[in-house]
Amino acid sequence: MTIETIKKEFPIFSRRINGKPLVYLDNASTSQKPSAVLDALTNFYTTSNANIHRGIHTLSEEATERYEATRKSVARFINAAVAEEIVFTKNCTESINLVARTWGHASIRRGDHILVSALEHHANLIPWQELARKKHAKLFVIPLTSSFELDMEAYDKLLSRKTKIVCVTTQSNVIGTRPPMKEMIKKAHAVGARVMVDGAQSVGHQRTDVVSMGCDFFAFSAHKMLGPTGVGVLYADYDILETLQPFLYGGDMVTSVEREHAVYRDAPWRFEAGTPNIADVVAFRAAIEFLEEIGMDTIESHDARCVAAAREALAGFARVRVFAPESGASCVAFTVDGIHPHDVATIFNSEGVAIRSGLHCAEPLVKDLGVPALSRMSFYLYNTMEDVAVARQALEKVFRIFSLTSNP
Amino acid sequence: MDLYTETILDHYEHPHHTGTLASPDVHVAEYNLLCGDRIELDCAFTNKGAIADVAFVGSGCALSQAGMSILSDWSIGKSRNDIAALSHDDVQSMIGSPITPARLKCALLGLGALKRIYEPYHSNS
Ligand SMILES: Cc1ncc(COP(=O)(O)O)c(C=O)c1O
């Protein structure tokens, strides 16, 4: 399997959209799934389906083993010290909410400062807004520079002993900006703050090493990295994780229960109440192994080639404004003067090209960029230069339909 | 491309009833927060409470703005009951293009604005 022939591994690419071959450029929303993952899902249900952590029969043991095997794979994939630092949730959003509701609830007091970056997806903003409101803490925003990077001088000024947590994404889902994580985390730790990292956009696109990054919490979703929907991950430094109260209560998260009280299991199982998404967690391992086989560095440089080609293609249109931060990775956001992004996306779709348009679940960021909405092409390992060429033709069609010359 | 018919594109590029009224009886606004589409609509009534005139300003996709333009033409002379009876299907057939579910809320933005005219709670007059 090589990156050149990879499209064949993804059955969805035999689909036609409006009579055209599918060109899928909405990978920042969710990725497509290779046969290996689909097969793993079917295989689990056809051979090992049972509930976990509760039976002593063969199937239950197998299911438990396979579920826990994914935990080990995830730990290895992001270089966590031990598998017990990995909590399964239903998505990245739930992982962040878990931190806000457990760590946040126990640690944030009136007057404390919570810092969020201007790049955040609603998932890493709203839980902190809500926590700040409940605890009478103050929420501050690390702003953008004019070149769409995070403003590190402003960050230095915002940080203080009052800062209790810094919430930042590894990669913007709208414009692709990659903040300097190590530097930001080091500075946060220097004032005694924790760091919540939203890794949703980068974890399937570049090598992740939570230890060298130094983060306290790292959240992501399986579905953006070739895995099934319905599986999220929270990594937390075990020293912190073991001090946290449970998030949800019920079966599976207890060691002994009496009518009046219960004893909770150790982390991470304490955070996985009820029957988890067993089959999808099991299949997620196939996604990780697929990525490892291709190699994260290969994927990162492939993405970079796609981004460079797309920026170059768009640069040919004077009416097109491209948001291109220097650190920008995996995606290219743009607007077309005089044409709403929804019209752009509809016309792209008529050519079989799937792109996202709108506010991208990052409304405050889009406002900062000074546009009502924007379109985004986001790339992954199966995209080709041919895909970029088809997107370029779709853009020409946009201009034709609206009778605009592409270069006024 | 079926959606972008000449009618839609005409109304988008040269919308009817745009601007504001000198002395509107009501002023309403309708937003599509997900897309950032926006319409502000002025309306003046006849003695009997029917629509005498409308004018709108807005920004957004071709479908939302052309839709409001088409509905503005239609609305002149219509009564409160006519507006109450106006359905999604009516608007779709006036627009005339096939509209996918994802774009329906764009097409129906103008309908939302028209319906607000007779909701005193939402107007500031
Ligand atoms: C940066 C970022 N954070 C968080 C999320 C939320 O992921 P999910 O919807 O899987 O919880 C997304 C995905 O939309 C994202 O792009």
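Proteins come first, then strands; the chains are lettered A, B, ... in the order of their sequence lines, and each starts at number 1.
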Item to complete: Please look at B/Gln65 and chain A and tell me whether the side chain, the backbone, both or neither of the residue comes under 4.5 angstrom of a heavy atom of that chain.
Response: neither
Worksheet item: Is the side chain of B/Arg103 donor-acceptor paired with the backbone N or O of A/Thr346 at a distance under 3.5 Å, no angle test?
Response: no
Fill in: For the student: nearest non-hydrogen atoms of B/Tyr12 and A/Gly338, plus distance
OH-O, 3.1 Å
Worksheet item: If you measure from OG on B/Ser64 to NE2 on A/His342, what distance do you get to the nearest 0.5 Å?
Response: 10.0 Å
Worksheet item: Can you tell me how far the OG atom of A/Ser403 sits from the CG atom of B/Leu9, to the nearest 0.5 Å?
Response: 7.0 Å
Practice prompt. Just do the side-chain contact (heavy atoms from CB on, under 4.5 Å) check on A/His340 and B/Asp37 with the steps written out, would you?
Written response: CA-CA 9 Å; A/His340 192 278; B/Asp37 294 344; 3.2 Å; yes
Worksheet entry | Heavy-atom closest pair, residues B/Tyr4 and A/Ile401 | CB-CG2, 3.7 Å
Worksheet item: Does the A/Asp343 side chain pair with the main chain of B/Cys61, one donor and one acceptor, at a distance under 3.5 Å?
Response: no
